[in-house]
Engineer: 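Sharing a structure, written as structure tokens. Questions coming.
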Number of protein chains: 2
Amino acid sequence: MALHTTNVLTKIRAMIMDGEIAPGEKLAEIPLADKLGVSRTPVRLAFRTLEQEGLLIRPGKRGFQVREFSTSDIQCALEIRGALEGIAARRLAEQGLDNTTLEKLKEAVKAGNSLLQKGYFVEEDIEQWNIINVAFHNTIIDASNSAPVRDAIARNNHLPFASVNSLVINTKVLDAEFKKIQFAQVQHQAVLGALIKGEGARAENLMREHAQVALHYTDAFGLPAYKINHSI
Amino acid sequence: MALHTTNVLTKIRAMIMDGEIAPGEKLAEIPLADKLGVSRTPVRLAFRTLEQEGLLIRPGKRGFQVREFSTSDIQCALEIRGALEGIAARRLAEQGLDNTTLEKLKEAVKAGNSLLQKGYFVEEDIEQWNIINVAFHNTIIDASNSAPVRDAIARNNHLPFASVNSLVINTKVLDAEFKKIQFAQVQHQAVLGALIKGEGARAENLMREHAQVALHYTDAFGLPAYKINHSI
DNA sequence: TTGCTTATTATTGGATCCATAATTTATGCT
DNA sequence: AGCATAAATTATGGATCCAATAATAAGCAA
């Protein structure tokens with residue numbers, strides 16, 4: 001059976017993320033519709049959304065093009081994420097944590113600690129960390145009660161390299177991954193501490209700095225930007 | 001003659017901004033298409049874009065709804081703008097100003113000073129300030145060479161109250177407007193100073209603080225959020 | 001051969017049609 | 001009378017059609 005509605009959107013997005021459609025490549029409605037086995041309509045709708053997400057651009061009057069991202073763009077997107085999540089953290093600290101939020105965050109930190117305890121990582125551990133990490137970040141974003149921030153983060157996350165949960169496992173760099181995540185976990189603990197104490201400014205600064213971890217590992221791996229694991 | 005393509009999008013957006021379509025109101029394709037004298041297709045496309053922009057939400061399975069914004073949302077959106085423009089300013093300071101950028105910014109500051117010289121404002125002066133203000137902000141954003149920041153700001157600007165150039169002239173508060181703009185002008189000068197000296201962190205802080213001016217005037221006017229002049 | 005104009009082709013945007021799914025209304029049963 | 005279920009209406013998503021326009025190819029002239 002053929003793809004439909006939102007599936008078309010997510011499918012095209014995935015194709016871009018995975019590099020199946022290369023950056024810079026031109027996209028026309030009809031070939032893509034044929035390839036996906038649907039009519040032009042859902043593709044047209046998806047193009048508008050993807051344009052807004054920043055994954056597609058309109059080079060001229062006709063047709064869309066997969067956007068190309070520079071190293072500077074990657075830095076930028078991660079700074080944006082840091083800034084936005086920083087705002088969320090500060091707002092949350094200022095308004096105070098409710099019990100369920102506190103429990104969720106404590107749980108994420110606890111789970112992170114036990115995961116890191118054995119001192120090294122195998123592939124599955126990184127997947128596990130990814131779950132814990134996303135939970136930690138999303139809990140803060142959701143609890144901060146800041147819809148515009150949440151939305152801005154969601155849109156920014158569509159840039160493949162800037163997502164909280166973009167995860168590509170690279171077995172060659174498992175050691176580096178472990179060290180990075182170890183550091184990220186320490187930062188999570190620090191953020192939680194600031195949140196509990198209601199120290200908004202500190203929570204914000206810590207969160208901003210936290211986003212930089214991914215940045216500092218971007219060049220080191222010598223991987224294409226899209227393939228970097230920014231799951232910190 | 002009827003509206004077309006992008007016109008439909010901008011028309012609907014304007015209707016929301018102007019309050020012609022009220023926050024919370026449900027929007028269906030057919031009535032709106034009829035009202036605008038077009039078919040469902042351009043309306044459908046516009047809905048997707050407006051959803052991404054955050055102006056429309058999908059309450060259930062069927063239909064869209066004009067999003068309602070709380071005071072907290074307004075604060076949020078302005079904080080976001082400050083954070084994003086702050087990043088742009090820092091990046092610009094770090095990479096240095098080229099000559100044309102420097103000239104544009106100097107010109108904006110100079111124009112602002114002469115506009116404020118007479119000590120009071122009439123309506124046309126506010127319109128004039130709006131032009132100068134938008135030029136100052138956009139110059140920094142464009143020159144910062146930070147496409148993701150530019151995009152994030154553009155999207156955030158679609159929230160009616162968070163736009164750099166959302167301008168509603170309220171003659172009742174011309175005095176308050178003048179004072180606010182006087183303050184904003186001082187901040188523009190400070191930002192330019194930091195940019196020239198290459199003081200990235202300071203430029204960022206100043207820019208963030210600058211965005212707060214609008215926030216502090218939000219409540220004071222006793223106007224609906226949509227109608228506030230945030231042209232600072 | 002090169003540049004310009006014209007003609008052809010292809011792609012996009014808008015309109016309409018159809019099928020599906022959701023909402024609302026009506027009817028029947030407890 | 002109230003609730004539940006069923007039927008009818010209405011809106012949405014997808015497909016297709018048509019017209020307009022942009023891109024490209026061909027042909028003509030310098």
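The chains referred to below are lettered A, B, ... by the order of the sequence lines, with proteins before strands, and numbering in each begins at 1.
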Engineer: Quickly work out the B:R58 CZ to C:dT23 P distance and round it to whole Å.
Structural biologist: 14 Å
Engineer: Of B:P31 and A:R40, whose nearest nucleotide on DNA chain D comes first from the 5' end?
Structural biologist: B:P31
Engineer: Reckon B:S39 has a side-chain N or O less than 4.0 Å from the OP1 or OP2 of C:dG14?
Structural biologist: no
Engineer: How long is the line joining CZ of B:R48 and P of D:dG13, in whole Å?
Structural biologist: 5 Å
Engineer: What integer distance in Å separates B:K61:NZ from C:dT20:P?
Structural biologist: 17 Å
Engineer: Which part of the nucleic acid, if any, lies within reach of B:G63 when heavy atoms closer than 4.0 Å are counted: base, sugar-phosphate only, or nothing?
Structural biologist: sugar-phosphate
Engineer: Using a strict threshold of under 4.0 Å (side-chain N to carboxylate O), is an ion pair present between A:R208 and A:E85?
Structural biologist: no
Engineer: Between atom NZ in A:K26 and atom C1' in D:dA22, what is the gap in whole Å?
Structural biologist: 11 Å
Engineer: Check the distance between D:dA23's C1' and A:R62's CZ and give it to me in whole angstrom.
Structural biologist: 7 Å
Engineer: Are B:R48 and B:Q52 side-chain neighbours, meaning at least one heavy-atom pair lies under 4.5 Å?
Structural biologist: no
Engineer: Looking at side-chain heavy atoms only, is the closest gap between A:Q212 and A:Q75 below 4.5 Å?
Structural biologist: no
Engineer: Expressed in angstrom and rounded to an integer, what is the separation of B:R44 atom CZ from C:dG14 atom C1'?
Structural biologist: 12 Å
Engineer: If each of B:I30 and A:T41 is mapped to the nucleotide of DNA chain D with the nearest heavy atom, which maps nearer the 5' terminus, i.e. the 5' end?
Structural biologist: B:I30
Engineer: Measure the distance from CD on B:E29 to C1' on D:dG14 and round it to the nearest whole Å.
Structural biologist: 12 Å
Engineer: Ion pair present between B:E79 and A:R90, side-chain N to carboxylate O less than 4.0 angstrom?
Structural biologist: yes
Engineer: Provide, to the nearest angstrom, the distance between the CD atom belonging to B:Q65 and the P atom belonging to C:dT23.
Structural biologist: 13 Å
